[in-house]
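Here's the structure we're looking at; comments come further down.
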Amino acid sequence: SISHRLWPEIEKVVHQQVAWARLGLGDSGTGWQLFAEDGEMRMYRREEEVDGMVVDPLKAVHIVKGITGHEVCHYFFSPQYRYDWETTLEQMTVLETIADDTCLFLQTHKRIWPASQRDVIFWSHIRHLPNDQDRDGPDIWTVVNHSTEHKDYPANSGKCVRIFLTVCLLCQTRVNPPKEGTPITRDDISCKITYCSVVNPGGWAPASVLRALYKREYPKFLKRFTSYVTNQTKDKPIMF
Ligand SMILES: CCCCCc1ccc(-c2ccc(S(=O)(=O)CCO)cc2)cc1/C=C\c1ccccn1
């Protein structure tokens, strides 16, 4: 709701992240390294450090048949499905339901040896950016997750190191029009997914450990999540 204290930040970060996600990877001169590939999924990272900590930006592009951007964003945003697909999640709490399209989450992730356990507080916002009628622009659904503070959960006050992140899941649905007069089925649709993330691990963690973790975990996460959406939607009407 536009009266909420976070609303100005949400508007700013959502538009910034959508613009960022829609940018291609540019030519190889922009430092993006392809580090994982599986079928239609391509994962890129840039090696960046802040105060000696790895904060490698990640950008993944995936094309999945048979699902829509609305469905992908719905299952990514909605808290009730998260334990089904987020394997590294230990605990998720909805601290505040700000609006039906905006929630505040506290998540603790399983400890990954030898680093200490992490937690994160972030607002999550789902948004449909329909293409403007006069222009045949892309119809976009997006979810943006951006870390924030909460007075009742100060950083690094318990056993966990607080991390900071910005994540953007941007989806564009493609329809191959079926024969005149026949209904659109899941065989006629596909979704182009762009997943961007920048995670600051908070306290120090060895660069080699973090890069190995991300190399292992991100491909697993995107494949598992998209397979989950495919299974959840296959016998349901299409959510455009
Ligand atoms: C030593 C530091 C280890 C980092 C631990 C960690 C922190 C954060 C996160 C994380 C990853 C994706 C999101 S999200 O896209 O917003 C979806 C909602 O959950 C939020 C949080 C994960 C993980 C740990 C493992 C890990 C790292 C990449 C990918 C997958 N798992």
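Just follow the structure's listing: the first ligand is 1, and inside any ligand the first atom is 1.
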Side chain or backbone of [X] under 4.0 Å from ligand 1, or both, or neither, by non-hydrogen atoms?
X	value
Leu210	side chain
Phe105	neither
Thr87	neither
Leu169	neither
Val120	neither

Suppose we measure from [atom] to each protein heavy atom; which comes out shortest, and what is that distance?
atom	value
atom 19 (O) of ligand 1	Glu86 OE2, 2.5 Å
atom 26 (C) of ligand 1	Glu217 CB, 3.7 Å
atom 16 (O) of ligand 1	Asn145 ND2, 2.8 Å
atom 3 (C) of ligand 1	Leu213 CD1, 4.0 Å
atom 20 (C) of ligand 1	Leu165 CD2, 3.6 Å
atom 5 (C) of ligand 1	Arg118 CB, 4.2 Å
atom 25 (C) of ligand 1	Thr88 CG2, 3.5 Å
atom 15 (O) of ligand 1	Tyr195 OH, 2.8 Å

Margin query: Could you check whether atom NZ of Lys12 has more than 12 heavy atoms from other residues, nucleotides or ligands sitting under 6.0 Å from it?
Written below: no

Next item on the list: Decide if atom CG of Asp51 counts as having more than 12 heavy atoms of other residues, nucleotides or ligands within a radius under 6.0 Å.
Entry: no

Next item on the list: Grab the two heavy atoms, one from Gln91 and one from Thr93, that are nearest each other, plus how far apart they are.
Entry: NE2-OG1, 3.9 Å

Item checked: Nearest heavy-atom neighbours spanning Gln17 and Cys168 -> OE1-CB, 3.7 Å

Next item on the list: Output yes when the distance from some N or O of ligand 1 to some N or O of Trp85 is under 3.5 Å, and no in every other case.
Entry: no

Margin query: Please check whether Arg82 reaches ligand 1 - meaning an N/O of the residue sits under 3.5 Å from an N/O of the ligand, judged on distance alone.
Written below: no

For [X], atoms of ligand 1 separated by under 4.0 Å from a heavy atom:
X	value
Ile163	7 (C), 8 (C)
Val167	15 (O), 16 (O)
Ala115	1 (C)
Gln107	18 (C), 19 (O)

Check: Do the ring planes of Trp32 and Trp20 sit parallel (below 30°), tilted (30 to 60°) or perpendicular (above 60°)?
Finding: tilted

Check: Do Arg22 and Pro138 come close enough that some side-chain heavy atom pair is under 4.5 Å?
Finding: yes

Margin query: I'd like to know if the side chain of Arg118 and the backbone of Pro201 have a donor-acceptor N/O pair within less than 3.5 Å.
Written below: yes

Next item on the list: Keeping the roles fixed (side chain from Asp56, backbone from Glu48), state whether a donor-acceptor pair exists under 3.5 Å.
Entry: yes

Next item on the list: Quickly, which of Trp123, Phe122, Tyr153 forms a ring pair (Phe, Tyr, Trp, His ring centres under 6.0 Å) with Phe105? Name it, please.
Entry: Phe122

Margin query: If we count only non-hydrogen protein atoms and require a distance under 4.0 Å, does atom 9 (C) of ligand 1 qualify as touching the protein?
Written below: yes

Next item on the list: Name the option, out of Gln117, Met92, His109, that contains the heavy atom nearest to atom 6 (C) of ligand 1.
Entry: His109

Next item on the list: Nearest 0.5 Å please: distance from the OG1 atom of Thr226 over to the CD1 atom of Ile193.
Entry: 6.0 Å

Margin query: Less than 6.0 angstrom separating the ring centers of Tyr214 and Phe35, yes or no?
Written below: no

Item checked: Steps toward salt bridge (charged side-chain N to carboxylate O under 4.0 Å, His left out) verdict (Glu90, Lys110) -> CA-CA 5 Å; Glu90 181 175 274; Lys110 290 173 186 146; over 6 Å; no

Notebook entry, point to check: Are Glu49 and Arg211 close enough, and set up right, to give a salt bridge (charged side-chain N to carboxylate O under 4.0 Å, His left out), and what steps lead you there?
Noted result: CA-CA 11 Å; Glu49 300 194 5; Arg211 289 190 168 124; 3.6 Å; yes

